[in-house]
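Beneath this line is the structure, given in structure tokens, with notes to follow.
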Amino acid sequence: MTSIEQTLDYTMFRCELREKQRLVLWMLLVGKEQKEISQSLHMSEEAIKKHQRIIYRKLGIKGKAQLSKWVLEQISSTITAPQPLTKEEFFRDFQNA
């Protein structure tokens with residue numbers, strides 16, 4: 001599992017998404033349509049729509065565009081900004097190039 005997957009999985013757990021809801025969310029994140037998800041999970045499309053509504057409510061979002069924004073926010077919260085090089089580091093790295 002990559003660090004991005006771990007971050008998202010932890011956030012899903014923290015948002016109290018149940019196992020089926022997390023599966024549906026992962027499938028949505030990789031671009032699956034409701035029909036594909038329902039076939040893969042052997043559920044009706046209505047059940048998938050219901051899971052999707054619950055997921056969105058629990059994440060505090062209203063649609064796929066906001067889902068993308070939510071994912072980016074979760075990922076960016078784990079990334080630290082690079083620190084500028086000191087003068088010594090710059091010249092040391094410059095001399096080694």
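Fair warning: this is a prediction, and the values are worked out from it, not measured in the lab.
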Separation of [Y] [atom2] from [X] [atom1] (nearest 0.5 Å):
X	Y	atom1	atom2	answer
Gln39	Ile48	CD	CD1	10.5 Å
Ser68	Glu73	OG	CD	11.0 Å
Ser44	Lys35	OG	NZ	13.5 Å
Ile75	Trp70	CD1	CH2	9.0 Å
Asp9	Gln74	CG	CD	12.0 Å
Leu25	Lys32	CG	NZ	14.5 Å

inquiry  = When you compare the side chain of Leu17 with that of Thr11, does any pair of heavy atoms fall below 4.5 Å?
reply    =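 No, every pair of side-chain atoms sits at 4.5 Å or beyond.
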query = Heavy-atom distance under 4.5 Å between the side chains of Met27 and Leu41, does that happen here?
reply =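 Yes. Closest side-chain heavy atoms under 4.5 Å.
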Donor-acceptor pairs under 3.5 Å, side chain of residues 50-61 to any protein atom, not counting sequence neighbours: which ones?
| residue | atom | partner | partner atom | Å |
| --- | --- | --- | --- | --- |
| Gln52 | OE1 | Gln34 | NE2 | 2.5 |
| Gln52 | NE2 | Tyr56 | OH | 2.8 |
| Lys58 | NZ | Glu16 | O | 2.7 |
| Lys58 | NZ | Gln21 | OE1 | 3.3 |

ask   = Can you list every salt bridge (charged side-chain N to carboxylate O under 4.0 Å, His left out) pair that touches residues 38-49, not counting sequence neighbours?
value =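 Passing the test, one end in residues 38-49: Glu46-Lys49.
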